[in-house]
*Asks:* 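Have a look at this one.
Quick caveat: nothing in here was measured; it's all calculated off a predicted structure. Numbered from 1 within each chain, the chains take letters A, B, ... in sequence-line order.
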2 protein chains.
Amino acid sequence: AWAPVFVTRFMSTSAAAQVQAGEPASEESARCSGEKKEDKDVFSYWGVGSQKVTKEDGTEWKWSCFRPWDTYSSDLSIDLAKHHVPVTWMDKLARWTVKSLRWPTDIFFQRRYGCRAMMLETVAAVPGMVGGLLLHLRSLRHFEHSGGWIRALLEEAENERMHLMTFMEVSQPRWYERALVMTVQGVFFNAYFLGYLFSPKFAHRVVGYLEEEAIHSYTEFLKEIDNGNIDNVPAPAIAIDYWRLLPDARLRDVVMVVRADEAHHRDVNHYASDIHVQGLKLKEQPAPVGYH
Amino acid sequence: AWAPVFVTRFMSTSAAAQVQAGEPASEESARCSGEKKEDKDVFSYWGVGSQKVTKEDGTEWKWSCFRPWDTYSSDLSIDLAKHHVPVTWMDKLARWTVKSLRWPTDIFFQRRYGCRAMMLETVAAVPGMVGGLLLHLRSLRHFEHSGGWIRALLEEAENERMHLMTFMEVSQPRWYERALVMTVQGVFFNAYFLGYLFSPKFAHRVVGYLEEEAIHSYTEFLKEIDNGNIDNVPAPAIAIDYWRLLPDARLRDVVMVVRADEAHHRDVNHYASDIHVQGLKLKEQPAPVGYH
Ligand SMILES: [Fe+2]
Ligand SMILES: [Fe+2]
Ligand SMILES: [Fe+2]
Ligand SMILES: [Fe+2]
C-alpha cells in the first residue's frame, strides 16, 4: 500500500518547505527531520538520501524518524487486567524487583504522570534492544534461526522509543532529569544485558511485571486527566501520525493507545518467559506478529 | 497488502503439517519454524503466539523467522563499481584495515566461496546491529530523534543475517568453523562497538570498504559458478521466498541479489560516513529508505 516515491536526487528542501508552510506541527516535524542540510553534491553520489515518501492519500510524508509503514492502530480491546501470578521463586524475585523499583519512582515523581511517563520510557526502550541484540548475535554464532523473535523484540524497543518521542512533546525534560537518565541508562543497560545473558527467563519475566506496572501508571494518568488535574492538551502531531489518531485527538487518546501497547508488551514478555519455563528456546515457538 | 490472519488460538500443528506434506523445503522451513511444540494451554493465555499469516495468493506462510512483509526484490541495476576514493588519513586507515583483513581471509578460504560467504556473513551482520543499538541508546539519553537511522541500520543487520541463513543452507559449517566464528564475533563485536563510540565516521567508512570487498568476492563467486568450479545448485527455499525469486531460481540468482544488497550497504555506509565528514550528525539527514 505504501510506495516510496523516488525523486531525482536529494530532496534537501523538503523540510524547509514544511517549516515555511507554517503548519502547527512544523516545529515538531523539523525536530524529527533534521534542520541543517548542506553540500548536496557530496551526498548525491551514493544516491540513497533522495527518497520522497507519500502517504496513502498522495500527500508528502513529513517525518523521517518513522515512515507510513511503521504506523498502526493500537488494539484498545486488549485485556488490561491479565496478570502472571508468581509461582516459582524466580517469578517472586522478578515481581519483588519491579515492586521495589516502583517505590523510589513514586516518591520522585508523585503525581507528575506526564514527566514520569517520559522518564520511564527512556528505560522501557532498553530491554527489547538488548534482547534483540543478544538473540541476533546468538543466531549468527550458532547458525540458527530466530523464529522471528529478534524482529519482535526490536519492534518492542522501537515502539517504546516512539512513546518517549511522543511524551517529550508534552513535557520537556529538565537538566537534572537528563542527568538522571544518563545514569539510569548506564546502570540498567548493563544490568539487563547481564541478566539476559544469565537468564532470559528471568529477564522477560521482569519486563512482563514492569509492563503490568506501566499499565497501572497509565491508568492513574488517565484518572488525573479525567479529574482535571492534568490538562487534556491536543495530541502531539507525531502521535496522531504514528497511531493513526483522528486530527483532533487529545492527550487522553494518546495515553489510551500507549497503555494498550504496554499491555501487548506484557503479553509478549510473559509469553517469552513461559516458553523458557517449558524448557524451550524462543526460536522453538514462532514470535508474536501482527500487532503492528 | 499483507494481512496477518488471526486464527482461534495456537496453531501448534502447522509446522508438523508442512513436514508431513513432504515439500522439498520442509526440512528447511521446519528448521526455521521450530520443531518442538508443547503445552498449548500454558501459552494460549497470553494470546500472542497464535497468528497465522497468509501470502498474497492466500496460501499459508511457512516461515516464522521472517514474514511476507520482510521480503523484497533486490535492485539488480545498482551500480557495482562505485568506490569512495580515500581522501583523508582516516579514509586511508579504514581502507588499509579492510585490505589487511582480506589477506588472512583469502589464505584461509582460497576458492571455497560458498564457505567464505557463509563465514563472512556472520561478521557482516554485526555493524548494523551495533550502530542501531548505539543510536537507539543515544536517542533515549538525549531525548532526540534518529532521522530513521536506527531502523535503517537494524534493517541492514537483519538483511545480513538473512544472507547467512541462506548460505548456511548451501554449505554446512564444520566444527572448527563454528569455533572460529565464536572467537571472531567476540573480538569484532567489541572492536566495532568501541570504534563506533569513538568515531562513527570511521566505523561507517570501514563498513563501506568492507562492502566494496564483499561485492568483489561475490563477483568471484559468480565467476566460479560460470566456470563450473562451483555447482549451480537450486536456490534454497528461504532465498526464493525472501528475495521473491522464481521457483526454479538457482545459486547464481541468489548470489546476484546478495551482491546487489552489499552494493546498497556500501552506499548507505559511505553516505553515513560522508554525513559525519560534513560535520553533521546522522539524525540531521533523513536515513535511506525504500530499498526494501
Ligand atoms: Fe512505553
Ligand atoms: Fe512497554
Ligand atoms: Fe551480506
Ligand atoms: Fe553487506
*Asks:* Pick from A:Val268, A:Val277, A:Val181, A:Leu140: which one has the most heavy-atom pairs with chain B under 4.5 Å?
*Replies:* A:Leu140
*Asks:* Check whether B:His163 gets within reach of chain A through its side chain, its backbone, both or neither, counting any heavy atom under 4.5 Å.
*Replies:* neither
*Asks:* With a 4.5 Å cut-off on heavy-atom pairs, point out which of A:Asp79, A:Thr122, A:Val130, A:Val184 contacts chain B the most.
*Replies:* A:Thr122
*Asks:* Counting only non-hydrogen atoms closer than 4.5 Å, does B:Leu164 touch chain A with its backbone (N, CA, C, O), its side chain (CB onward), both, or neither?
*Replies:* side chain
*Asks:* Of the backbone (N, CA, C, O) and the side chain (C-beta and beyond), which part of A:Glu169 lies under 4.5 Å from a heavy atom of chain B, both, or neither?
*Replies:* side chain
*Asks:* Side chain, backbone, both or neither: which part of A:Arg67 has an atom under 4.5 Å from a heavy atom of chain B?
*Replies:* side chain
*Asks:* Chain A heavy atoms under 4.5 Å from B:Leu137: which part of the residue, side chain, backbone, both or neither?
*Replies:* both
*Asks:* Just give me the residue among A:Glu158, A:Arg266, A:Arg161 that pairs up with chain B most often, heavy atom to heavy atom, under 4.5 Å.
*Replies:* A:Arg161
*Asks:* Quick one: do the A:His265 and A:Glu160 side chains pair a donor with an acceptor below 3.5 Å?
*Replies:* yes
*Asks:* Side chain, backbone, both or neither: which part of A:Ala152 has an atom under 4.5 Å from a heavy atom of chain B?
*Replies:* neither
*Asks:* Can you tell me which of A:His136, A:Met118, A:His84, A:Met182 forms the most heavy-atom pairs within a distance under 4.5 Å of chain B?
*Replies:* A:His136
*Asks:* Check whether A:Leu154 gets within reach of chain B through its side chain, its backbone, both or neither, counting any heavy atom under 4.5 Å.
*Replies:* side chain
*Asks:* For B:Gln185, give me all partners under side chain to side chain donor-acceptor pair (under 3.5 Å), at least two apart in sequence or on another chain.
*Replies:* A:Arg141
*Asks:* Do B:Tyr271 and A:Tyr45 make the cut of ring centroids closer than 6.0 angstrom?
*Replies:* no
*Asks:* Sort out for me which residue in A:Trp63, A:Trp61, A:Trp69, A:Tyr72 forms a ring pair (Phe, Tyr, Trp, His ring centres under 6.0 Å) with A:Tyr242.
*Replies:* A:Tyr72
*Asks:* Sequence neighbours left out, what passes salt bridge (Lys or Arg N to Asp or Glu O under 4.0 Å) with B:Arg138? Give chain and number order.
*Replies:* B:Glu144
*Asks:* Hey, mind stepping through B:Glu284 and B:Lys281 against salt bridge (charged side-chain N to carboxylate O under 4.0 Å, His left out) and telling me if it holds?
*Replies:* CA-CA 5 Å; B:Glu284 293 174 306; B:Lys281 283 174 191 157; over 6 Å; no
*Asks:* Parallel, tilted or perpendicular for B:His204 and B:His276, by the 30°/60° rule?
*Replies:* parallel
*Asks:* Determine, stepwise, if the pair A:Asp70 / B:Arg151 fulfils salt bridge (charged side-chain N to carboxylate O under 4.0 Å, His left out).
*Replies:* CA-CA 10 Å; A:Asp70 302 315; B:Arg151 291 176 205 257; 3.0 Å; yes
